[in-house]
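Okay, so here's the structure we're looking at.
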Amino acid sequence: MSLAALRASARRVGVVAPAARSSRTALRNPAFRRFSTEVPQAPKKSNNTMLIGALGAAAVGGLGFWVYASNSDSAREAGSAVRSGVQSAKAATNFTPTKEDYQKVYNRIAEIMETAADKNYDDGSYGPILLRLAWHASGTYDKESNTGGSNYATMRFEPEAKHGANNGLHIARELLEPVKQEFPWISYGDLWTLGGVAAIQEEGGPKIPWRPGRIDGFAAQCTPDGRLPDGAQGADHIRNVFYRMGFNDQEIVALIGGHALGRCHRDRSGFEGPWTFSPTSVTNEFYRLLLNEKWVWKKWDGPKQLEDKSTHSLMMLPTDYALVQDKAFKKWVKAYADDEQLWFKDFSAALAKLFELGVPESQFVTKEPWIMKSTDEQEQ
């Protein structure tokens with residue numbers, strides 16, 4: 001049986017097949033992969049290259065000297081503006097790594113995901129926490145002020161790194177740091193969101209269109225606390241948070257279905273437990289369980305959360321439960337519970353939109369997003 005078939009079989013029965021995950025890891029040679037990426041060659045000089053060189057010189061001299069010699073917020077913001085302009089110029093002149101270079105980054109992230117089984121991390125995959133990193137780095141966007149989002153990767157700095165909603169995400173950032181060192185040309189924003197793409201695709205989910213172009217900003221661009229969803233709240237809170245980002249009710253329900261992957265940790269969010277019986281496999285099980293199981297309030301000393309009455313082994317957040325209490329939300333829960341492919345399509349579109357929040361169109365290196373190949377596809 002092929003590895004793809006093993007994974008598909010595991011999804012059908014609602015569990016993850018350790019043999020499939022282990023065998024796929026064994027087929028790879030991490031030592032070879034680690035040194036197999038060629039350093040992108042500098043392009044031949046052209047008028048476009050000279051233009052970019054001039055922009056870079058402008059950043060180093062004059063305004064650039066003031067930016068890097070000053071500690072003021074305005075100086076740092078000006079620095080980001082310069083870097084954003086340079087990135088836009090690079091995108092316009094194709095002075096960027098190729099899609100194949102980004103595929104190599106994706107492959108290294110996929111390899112790292114598999115090492116969780118060897119380290120007895122959670123359910124045997126780092127995929128869920130990499131998805132959470134990409135989500136939280138992007139979900140701070142405010143459409144009214146055009147601040148936040150994935151463009152500046154500001155979770156690298158305090159105080160954003162210490163926001164309550166980001167507890168535990170240092171694990172994901174540290175996991176991806178060796179990838180950043182191996183491929184220093186990729187920005188943190190691109191790296192983190194590409195990690196989210198890999199998490200979904202490697203765990204059996206849909207293809208997520210993605211394109212690079214994010215730049216690394218400064219601490220002064222950190223967003224205020226409170227922009228990410230609070231799992232203890234209800235429908236009004238959900239709408240306030242997601243409407244601020246620019247999503248509608250259908251997109252909200254589609255995005256929250258990402259809870260099919262992973263679990264809550266008491267030492268991070270305060271909540272505890274998985275949403276589904278297969279927390280390392282992307283399926284529409286979250287919706288089916290939410291709709292069809294009997295959910296009761298958990299009796300414990302932690303924050304309010306629900307558990308399934310039959311096994312007491314699954315959990316739902318108050319924000320999850322609100323999806324079946326609100327009429328407008330519930331119709332989409334039913335639709336996705338009945339049709340996994342419909343959810344895959346809508347989830348893919350909403351997640352791609354989420355990952356691009358806050359990034360100026362001119363910065364992207366390609367007009368049409370790319371589809372990165374999963375490791376299963378490359379092994380066939």
Side-chain angles (χ1 to χ4, degrees), residues 21 25 28 30-31 33-37 39-40 97 99-119 121-140 149-158 160-163 165-203 205 208 210-219 222 228 258 261-262 265 268 280 351-352 354-359 370 372-375:
R21 199 173 297 281
T25 304
R28 302 194 185 119
R33 287 282 186 92
R34 186 172 295 112
F35 299 104
S36 64
T37 302
V39 177
K99 180 181 178 182
E100 287 69 30
D101 291 314
Y102 287 101
Q103 182 69 61
K104 291 174 183 178
V105 178
Y106 175 104
N107 293 346
R108 286 292 292 118
I109 295 171
E111 288 176 352
I112 288 173
M113 283 173 55
E114 298 289 351
T115 64
D118 299 330
K119 298 179 180 179
Y121 178 82
D122 271 7
D123 302 287
S125 174
Y126 286 122
I129 198 168
L130 293 181
L131 175 62
R132 182 170 168 244
L133 173 64
W135 209 116
H136 285 213
S138 306
T140 57
S150 64
N151 195 35
Y152 297 137
T154 47
M155 203 194 301
R156 292 172 295 136
F157 309 111
E158 294 184 15
E160 192 168 326
K162 291 189 174 182
H163 288 173
N166 293 332
N167 285 344
L169 285 177
H170 65 283
I171 297 171
R173 297 194 300 272
E174 290 167 4
L175 279 172
L176 294 180
E177 190 59 32
V179 185
K180 172 66 174 174
Q181 299 307 312
E182 185 177 348
F183 304 95
W185 44 265
I186 192 170
S187 70
Y188 280 100
D190 283 346
L191 177 62
W192 292 353
T193 53
L194 186 55
V197 171
I200 293 298
Q201 296 188 172
E202 294 298 307
E203 306 286 31
I208 309 297
W210 178 87
R211 51 185 175 165
R214 298 157 189 82
I215 64 171
D216 295 332
F218 298 102
C222 285
L228 293 168
L261 200 62
H265 302 77
R268 300 175 194 176
T280 60
L351 197 65
L354 173 70
F355 288 170
E356 292 194 353
L357 293 179
V359 187
W370 295 333
M372 311 307 290
K373 291 184 177 180
S374 70
T375 51

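Position 1 is the first residue of the sequence; numbering continues from there. From a predicted model like this one, the values you see are computed outputs, not experimental measurements.
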Which atoms form the tightest heavy-atom contact between [X] and [Y], and what is the distance?
{"X": "Arg214", "Y": "Phe355", "value": "NH2-O, 2.8 Å"}
{"X": "Leu175", "Y": "Ile112", "value": "O-CD1, 3.5 Å"}
{"X": "Ala153", "Y": "Gly189", "value": "CB-N, 3.7 Å"}
{"X": "Gly195", "Y": "Leu130", "value": "O-CB, 4.1 Å"}
{"X": "Gly262", "Y": "Pro128", "value": "CA-CB, 3.5 Å"}
{"X": "Ile129", "Y": "Gly168", "value": "CD1-O, 3.5 Å"}

Step-by-step side chain to side chain contact (heavy atoms under 4.5 Å, CB included) determination, Leu228 to His163: CA-CA 10 Å; Leu228 293 168; His163 288 173; over 6 Å; no
Ser125 and Glu114: CA distance, side-chain angles, deciding distance, side-chain hydrogen bond (donor to acceptor under 3.5 Å, both in side chains) verdict: CA-CA 6 Å; Ser125 174; Glu114 298 289 351; over 6 Å; no
When rounded to the nearest 0.5 angstrom, what distance separates [atom1] in [X] from [atom2] in [Y]?
{"X": "Asp123", "Y": "Thr280", "atom1": "CG", "atom2": "OG1", "answer": "6.0 Å"}
{"X": "Asn166", "Y": "Leu133", "atom1": "CG", "atom2": "CG", "answer": "8.5 Å"}
{"X": "Glu174", "Y": "Ile171", "atom1": "CD", "atom2": "CD1", "answer": "7.5 Å"}
{"X": "Leu357", "Y": "Ser138", "atom1": "CG", "atom2": "OG", "answer": "6.5 Å"}
{"X": "His170", "Y": "Arg268", "atom1": "NE2", "atom2": "CZ", "answer": "7.5 Å"}
{"X": "Arg108", "Y": "Leu176", "atom1": "CZ", "atom2": "CG", "answer": "10.5 Å"}

Cation-pi, Tyr188 ring and Lys180 (6.0 angstrom, 45 degrees):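 Yes, cation above the ring, under 6.0 Å and within 45°.
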Residue pair Thr375, Met113: steps toward the side chain to side chain contact (heavy atoms under 4.5 Å, CB included) verdict: CA-CA 12 Å; Thr375 51; Met113 283 173 55; over 6 Å; no
Side-chain donor or acceptor of Ser187 paired with backbone N/O of Asp216 under 3.5 Å: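 No, Ser187 side chain to Asp216 backbone: no donor-acceptor pair under 3.5 Å.
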Side-chain donor/acceptor of Asp190 to backbone N/O of Gly213, under 3.5 Å: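 Yes.
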Would you say the side chains of [X] and [Y] form a donor-acceptor pair under 3.5 Å?
{"X": "His265", "Y": "Asp122", "value": "yes"}
{"X": "Tyr106", "Y": "Gln201", "value": "yes"}
{"X": "Asn107", "Y": "Gln103", "value": "yes"}

Could you tell me whether the side chain of [Y] reaches within less than 4.5 Å of the side chain of [X], counting heavy atoms only?
{"X": "Glu160", "Y": "Phe157", "answer": "no"}
{"X": "Thr154", "Y": "Thr140", "answer": "no"}
{"X": "Arg156", "Y": "Trp192", "answer": "yes"}
{"X": "Trp370", "Y": "Pro212", "answer": "yes"}

Chi angles and distances behind the side chain to side chain contact (heavy atoms under 4.5 Å, CB included) call for Trp185, Asp101: CA-CA 10 Å; Trp185 44 265; Asp101 291 314; 3.7 Å; yes
Salt-bridge present (Arg211, Glu356; N to O < 4.0 Å):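 The answer is yes: the pair qualifies as a salt bridge.
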Heavy atoms of other groups near Gln181 CD, more than 12 under 6.0 Å: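 Yes.
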More than 12 heavy atoms from other groups under 6.0 Å of NZ on Lys162: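 No, NZ of Lys162 has 12 or fewer neighbouring heavy atoms, counting only those of other groups under 6.0 Å.
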ring-ring contact (aromatic ring centres under 6.0 Å, His included) between Tyr102 and Trp210, intermediate numbers included: CA-CA 11 Å; Tyr102 287 101; Trp210 178 87; 5.6 Å; yes
Ring centre gap for Tyr152 and Phe218 strictly below 6.0 Å: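 Not close enough - the centres of the two rings lie 6.0 Å or further apart.
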